[in-house]
Structure formats: C-alpha cells, structure tokens
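What follows is one structure encoded as structure tokens, with my remarks underneath.
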Protein chains: 2
Amino acid sequence: MGGLAKGLAVIRAFTRDRATLNLSDVAALTEMPAATARRCLLTLEELGYVTRRGRQFVLRPKVLELGAAYLESMNIETLTKTHLEELAGSTGDSAALCVLDGFEIVYVARASIRTLMRLEAHVGSRFPAYATSTGRALLAGLAPERLQHYLDTATFEALTDRTIIDPLRLRQLIEDCRRTGYAAVEDELAYGVVALAVPVFDQYGRVVAALNSSSHSRRISKAKLVRERFNMLQKVSRQITADLAVVPGLSLSAIA
Amino acid sequence: MGGLAKGLAVIRAFTRDRATLNLSDVAALTEMPAATARRCLLTLEELGYVTRRGRQFVLRPKVLELGAAYLESMNIETLTKTHLEELAGSTGDSAALCVLDGFEIVYVARASIRTLMRLEAHVGSRFPAYATSTGRALLAGLAPERLQHYLDTATFEALTDRTIIDPLRLRQLIEDCRRTGYAAVEDELAYGVVALAVPVFDQYGRVVAALNSSSHSRRISKAKLVRERFNMLQKVSRQITADLAVVPGLSLSAIA
DNA sequence: AGAGTTTATTTCGATATGCGAAAAAGTGAA
DNA sequence: TTCACTTTTTCGCATATCGAAATAAACTCT
C-alpha cells in the first residue's frame, strides 16, 4: 500500500522550519513525483489533515488525533497525571517517560515546571539513544545480541564536545547502568542539560520504558541529581510498573 | 487515495479501551473488508507504526511522529514552555491552548500541576466546543454565518445535568463572551471541572486559539476564577499573539 | 508588458490495489 | 480428538492509483 506510506511521509515532512510547504517542497522532501505528492496532499486536505493557503499547505489539528491514538491506547494521560506531574512538582524540574524506537528514544510523556533548560522536547520528540539518560537506561535493558547490534549499526555523532561516541565507552556505561540501576548524563545531548534516568520494568521484568528527571547544570550537578533523586525515580518507576500490569499497552508496544 | 484514508482510519481505531486490536476488530471498527484492513495493518507494521503480538496489533511510538509534525510546525513547544508552564505555575492549576476543528476543540498544548481534576486531557484530546470554555471563546471568534452554521448543525448533548444545550442560550453565552472577552464554564463538560478561557488573536485580529485555566470546583469557584485570573490570561494571550507574528503556523492552520 | 522560468495540474497507459469469495488456519467446547 | 465456529489468508478480476510527459498557470525579472 504505497499510498499509505507516502501519505504518512507527507505528514512527517512538516517540521518547525517547514510549517508551510508547497507541492514541490513536499515532493522533494518525500522524494516522490509531484503528481503523487499532489494526490496525497489532496486526499489529506479532503480528510481534514491539511489545509491550503494559496499554494502552501499546512497541517491541521486533526493530525493530533493520530498521535492521540497512541497516547490513549498506552494510557499515557494517567501515567502523566499520576506520576510525572508529581515527580516534576517534587523536583521543580522536568520529568519524562521515554521508549526506544530503533536507534532513538521517543518522549511519550512529559511534565515540566519552568526550567532554564534549553532542550525543546515534547511528546513525540526523538533523540539519539546513546546520548540520553533514558536511552542508556533502555539500552541497558536490551538482550546482549540486541545491544551488540545497536552498537554495531548505530551512527554515533558528537552533539556536543562532551558527547561520548566511542562504542566501547558506551558499552561500559550501559553496563554500569545495568549494574547500578540508573544512567546520568550531562552536556552530552545539549549543553546545560543534565539528566538522571531509571528503567521502567513491566510485570515480567522487561525494560519497556525509562523515566527521567532532567534539569540545567546551572541548577544542579549530575552527582547531586543522582544522590537526591535516584530513590525518588525508582519509587515512581515501581508505581508505573504496577500501572502497566493493569493497562499493559506500553509493555506490548515496546517489544519489537 | 483510499488506502491512505483507510490507513489513517486504522490508526485512529486504537483507543484507551482498545489498545490491542485483531484484524477483525480493525475491520469492524473502520467498516472496511478484512482483506483491506489486513493490507493496511501489514503496511503500517512494515513502516513501523504498529507491531504484532500473535493476532493482536498494537500501535508503536513512531505514530507519535505524526502528531509531533503538527506540534513542531506550530511551534507548540515554545508556546508551552514560555507561556503555559508559567500560567500553570502561577495558578497551581492546568493551563491549555486549544483550537477549533469542526465541532470540537482540540488541545494543542497543556501544562499542568497536580490537581484534583477528573478530566483527562492531553495534546490531541477533543471535546465538544459548546460545553467548554475554550470552545465558547473560539465560537465567539467566528463570523456570524459560521456561528449560525455551527448552531444549526451541531449536535448538542448534555454531558452533565449542568450542560447548556439550548442553541439560543448558547448563542447568548457566546455573544457575552464576545463582549466581555472571556468564557467560563462549571460542571458542563464534566462534574467538578471549572474553567476560564480567553481568545488568542493572531496579528490580524482573528481568533485562532483559546487559552484557558482550569481547575476543580472544590478548589476555586467560577466567579473567583474570573476575578483572579482574567487579567492574567489576557496578558498571556497577548504574549502568544506576539509569538504568532513570528511563527505563524497556528494562525495559518486555524482558518478553514 | 513580455519573455523566460518555475510550479502546479492534467492526461493516460501501465501497474498496483481493492475487495468479494473461497480456502486455510486457529480456537474452544464437548 | 472432533466438530463448529471464527478469524485470517489467499486469489483473481475489476477498479483505482502511479508517474512520465504534456499542458496550464503563476511568478520573476528586465
């Protein structure tokens, strides 16, 4: 069903720097012929997912229903309300729940108090797993062959001059995480971002998500973050595990 | 492009109560033949949007990329961080930014502190416009013919015994909102939910979104909500308007 | 205003998809 | 284990879509 694939690719062509796109833009970005892109856009327009202003197309809020289908089927609102908001409130910082998708982590829930953080992340945001606290916690939960595959095939790019990109070093850090139960990063994803993550297990003991608390390094050091928040995070992680036994969507979705 | 339409409908078939669906469920819910539903699911699986556990299909986090395309193209993260989190922090309650899509409001941004609220709402959630504070603020911004069309064609269902469903009363309330600059509701969408909303204008003076502060009626009365927060909301609304001049995605998307 | 360039739209034969019907596979109860 | 029922898969013809090329429309520059 090529049309479906192409239509989805059209939706994903819109980004912050490309809020409006004309037909040729869409065709170029999705690497499809103009006639096909046109058909996709016209169908999406008819269905209410995009609207047209002259020759520019722009996404409509109905697109959010697609993401919302995931959020609802994973019971994310309850997890956010019950656990993440409390964590954000207790720490005065951002709390997030992430899952692994391919080589990246995806934010599935987030609660935040005003922070000085420069990192823009919302539900659906994706970041490289190796450079994030949640990514390392998730990688630590992979089976050995899966982790090896990740280390063999991922592209490691330094995002800051502090980013660890050596596979051997990363393997060590991931192993440390497995042993200690947490992963902490500072200035690796972006300057000033400091974060502590713990794995979230499902009722069968598999790592299906990772929970983190992130802040600005001007506000708290990595060492202090670990000292003061590790227990808190573990406690919330266990609560989420209990919730996953009741509504197991995340557990089912995560394994691929 | 029927395949695209059908594929999108398949994604939207997953809900909180239907986190996993088998082929027949999907076919029934989307009212399409099993063979077509199967092809949709197989394509979505191949593209990474769903995964399969035996006969059950479940959404994967990649689906969030679709919603994220909208959030990014509308610059929602900046609006959330800059304005909504401050509002939530100042009030100790939920703050949300909504847009009108057909007969419903859609949550496009939300910031929340722990509240006693029973209303589960996240980005992408939709509620009937007539029963919500943001919906009334948005309806107040419609051209007269558009508003008349809404009142003539919408289905008004009482969600609580306090929900106003008489079109004449609603028209009056919407007119009041146009005059006073705000809309307040209590117990109309759900018991215990009290909310105050103001319109958000774009740089041309059109209403393109609505901003609200919502709480629990045990915590604050409607009258007090208006007295204490109206000015605050107007101020934030003006700030959002200034932001929309710079990144006009919401302005472009809202008009249909 | 006109020419040239770029972008959007349309056309149509080749190819892919849609879908109803039938076959195959799976499930649960006796 | 067998049987009845349900679900999934397969098949092949009818229909829809794809995409290269042609045409039309819009835009830019002098």
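Sequence lines set the chain letters: A, B, ... in the order given, protein chains first and strands last, and positions in each chain run from 1.
Spacing between atom CZ of A:R38 and atom C1' of D:dG19 amounts to 14 Å, rounded to whole angstrom units. Taking atom CG on A:L23 and atom C1' on D:dG19, their separation rounds to 13 Å, with Å as the unit. Going from atom CG of B:L42 over to atom C1' of D:dT8 covers 10 Å, rounded to whole Å. Put simply, CE on A:M1 is 10 Å from P on D:dT17, counting in whole angstrom units. With rounding to whole Å, B:L21 atom CG is found 17 Å from D:dT6 atom C1'. Atom CG of A:L41 is separated from atom P of D:dG19 by 15 Å (rounded to the nearest Å).
In terms of position along DNA chain C, the nucleotide closest to A:Q56 lies nearer the 5' end than the nucleotide closest to the other residue of the pair A:Q56 and B:R39.
Close to D:dT6, at under 4.0 Å from its OP1 or OP2, lies no side-chain N or O of B:S24. Residue B:K6 has no polar side-chain atom (N or O) positioned under 4.0 Å from OP1 or OP2 of D:dT17. Phosphate proximity of D:dC18 to A:T36: absent, as no side-chain N or O sits under 4.0 Å from OP1 or OP2.
With a 4.5 Å cut-off on side-chain heavy atoms, B:V99 and B:I105 do not count as touching.
Extent of DNA chain C lying under 4.0 Å from chain A heavy atoms, first and last nucleotide in 5' to 3' order, is C:dT7 to C:dG18.
Listed for the A:T134 side chain is no donor-acceptor partner under 3.5 Å among the backbone atoms of A:L211.
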Side chain to side chain donor-acceptor pair (under 3.5 Å) for B:T51 and B:E45? Distances and angles first, verdict last. CA-CA 5 Å; B:T51 192; B:E45 185 180 11; 5.3 Å; no
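Nearest to the side chain of A:R55, among D:dG19, D:dA26, D:dT8, sits D:dA26.
Taking five base pairs at each end of the helix from C:dA1-D:dT30 to C:dA30-D:dT1, the local helix axes there meet at an angle of 50°, rounded to 10°.
Counting any heavy atom pair closer than 4.0 Å across all strands shown, B:M32 reaches no nucleic acid atom.
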